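One is the number of the first residue; the rest follow in order along the sequence. In this text, all values refer to a predicted model and were calculated from it rather than measured experimentally.
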Amino acid sequence: MAETSNELDNIRKLIAARVVHDADFNIFRHAKFTAPPVVLDIGANRGQSIVSFNVTLDQPIIHAFEVNPALHPVLDYVASQFPLTTIHKYGLAEYDGDVVFKIPVVNGELLSEGGSVESISTDMPWMVERFRQSDPQFHYEKHIGQVRRADHLGLPHADIVKLDVEGAEMSVLRGITSVIAATKPVFLVENSDWVRVTEFLKVYSYIPYRVEAENDRIVPFHGPAVNTLYMARGFERGLTPVER
């Protein structure tokens with residue numbers, strides 16, 4: 001309950017400030033659409049991306065997906081502030097069903113942002129070491145959630161897909177192939193499985209880019225980065241890359 005209260009306080013402050021939570025989202029101010037853009041926010045967490053999209057886009061229609069029930073009350077509040085937002089209280093995957101997902105507990109604090117339905121993420125040596133540096137006695141709490149295959153849901157054609165699922169990217173992508181094929185949405189993906197995601201999207205003519213937020217531009221992907229912007233040839237929606 002304390003975690004939910006803290007998350008709610010944090011999101012209220014972000015909404016009041018009318019700023020993006022991640023500078024990379026500012027690049028969407030340059031996007032062009034012929035109708036209100038449709039956004040799939042996969043891994044919605046406490047709704048910070050919903051706020052950021054409403055700061056940078058004009059009346060976005062957002063479908064947000066979150067597997068963690070502890071965050072659903074916060075997301076309900078965010079949706080009450082942005083009426084074009086629909087909260088889907090389950091995650092997306094390549095199958096329909098229940099899942100066990102793990103959330104790290106570090107120094108007695110439940111870190112919901114580090115939770116994942118995929119043990120491949122929570123068991124990655126670099127991630128385990130990161131938690132151990134903060135708390136040698138850290139552990140995981142196990143929770144039950146639901147996931148569904150997006151291709152079965154009849155979702156509207158998407159213009160933008162934000163993907164932040166802590167290592168479960170491939171399961172999500174394999175479940176939204178019809179969404180990808182229909183409109184070739186722009187993807188903003190938090191990097192957890194960069195090689196496999198990039199190879200998968202390459203089949204659909206996607207190219208990886210990096211947002212240089214400090215220069216307000218998009219460049220070919222290079223070096224370490226938190227996010228990757230993927231765009232298919234001919235479906236950039238006004239977002240124009242430049243050479244470095």
Positive for side chain to side chain contact (heavy atoms under 4.5 Å, CB included) with Asp41, one of Val161, Ile87, Ile50, Leu188: Ile50
Which of these, Leu57, Ile62, Leu239, sits in a side chain to side chain contact (heavy atoms under 4.5 Å, CB included) with Ile160? Leu57
Is it the case that the side chain of [X] and the backbone of [Y] share a donor-acceptor pair, with hydrogens and angles ignored and the cut-off at 3.5 Å?
X	Y	result
Arg210	His222	yes
Asn191	Ala225	yes
Asp22	Asp24	yes
Glu66	Asn45	yes
Asp164	Ala44	no
Lys184	Gly234	no
Thr183	Ala158	yes
Asn215	Arg217	no
Ser52	Ser49	no
Glu169	Gly167	yes

Side chains of Gln137 and His139, donor plus acceptor under 3.5 Å: no
Pair Tyr230-Thr198, side-chain donor/acceptor within less than 3.5 Å: yes
Rounded to the nearest 0.5 Å, what's the gap from [atom1] on [X] to [atom2] on [Y]? Could you check?
X	Y	atom1	atom2	value
Ile11	Asn6	CD1	CG	13.0 Å
Thr85	Asp76	OG1	CG	11.5 Å
Phe28	Lys162	CZ	NZ	11.0 Å
Phe82	Asn54	CZ	CG	4.5 Å

So Phe138 and Phe131, would you call those rings parallel, tilted or perpendicular, with 30° and 60° as cut-offs? tilted
Aromatic ring pairing Phe187/Tyr206, orientation class (parallel under 30°, perpendicular over 60°, tilted between): perpendicular
When you compare the side chain of [Y] with that of [X], does any pair of heavy atoms fall below 4.5 Å?
X	Y	answer
Pro37	Phe53	no
Leu92	Leu153	yes
Val147	Phe101	no
Leu229	Met231	yes
Phe221	Ile207	no
Pro60	Val38	no
Arg46	Asn10	yes
Ile144	Val99	no

Heavy atoms only: give me the nearest Gln146-Val67 pair and the separation to one decimal. O-CG2, 3.5 Å
Can you name the closest pair of heavy atoms from Ser171 and Tyr95 and give their distance? OG-CE2, 4.1 Å
Would you say [X] and [Y] are hydrophobically clustered, going by side-chain heavy atoms of ILVMFWY under 4.5 Å?
X	Y	result
Leu75	Tyr77	yes
Trp194	Ile42	yes
Ile61	Leu155	no
Val19	Ile15	yes
Val226	Leu14	no

Would you call Asp151 and Arg174 a salt bridge, using N to O less than 4.0 angstrom? no
Hey, is Asp96 close enough to Arg149 for a salt bridge, meaning N to O under 4.0 Å? no
Hey, is CD on Gln59 packed in by over 12 heavy atoms from elsewhere, all under 6.0 Å? no
In Thr56, Thr240, Asp216, the residue satisfying side-chain hydrogen bond (donor to acceptor under 3.5 Å, both in side chains) with His30 is Asp216
Evaluate salt bridge (charged side-chain N to carboxylate O under 4.0 Å, His left out) for Asp159 paired with Lys32, printing each intermediate quantity in order. CA-CA 10 Å; Asp159 295 293; Lys32 295 180 174 62; over 6 Å; no
Take Val242 and Ile218, measure what side chain to side chain contact (heavy atoms under 4.5 Å, CB included) needs, and give me the verdict at the end. CA-CA 6 Å; Val242 299; Ile218 300 167; over 6 Å; no
Using the six-membered ring of Tyr90, assess whether NZ or CZ of Arg148 lies under 6.0 Å from its centre and within 45 degrees of the ring axis. yes
List the steps and the verdict of side chain to side chain contact (heavy atoms under 4.5 Å, CB included) for Tyr204 and Leu173. CA-CA 12 Å; Tyr204 295 90; Leu173 289 172; over 6 Å; no
Could you walk me through whether Glu109 and Val106 pass the side chain to side chain contact (heavy atoms under 4.5 Å, CB included) check? CA-CA 5 Å; Glu109 182 180 355; Val106 180; 5.8 Å; no
Tell me, with the steps shown, if Phe65 and Val172 meet side chain to side chain contact (heavy atoms under 4.5 Å, CB included). CA-CA 11 Å; Phe65 302 84; Val172 174; over 6 Å; no
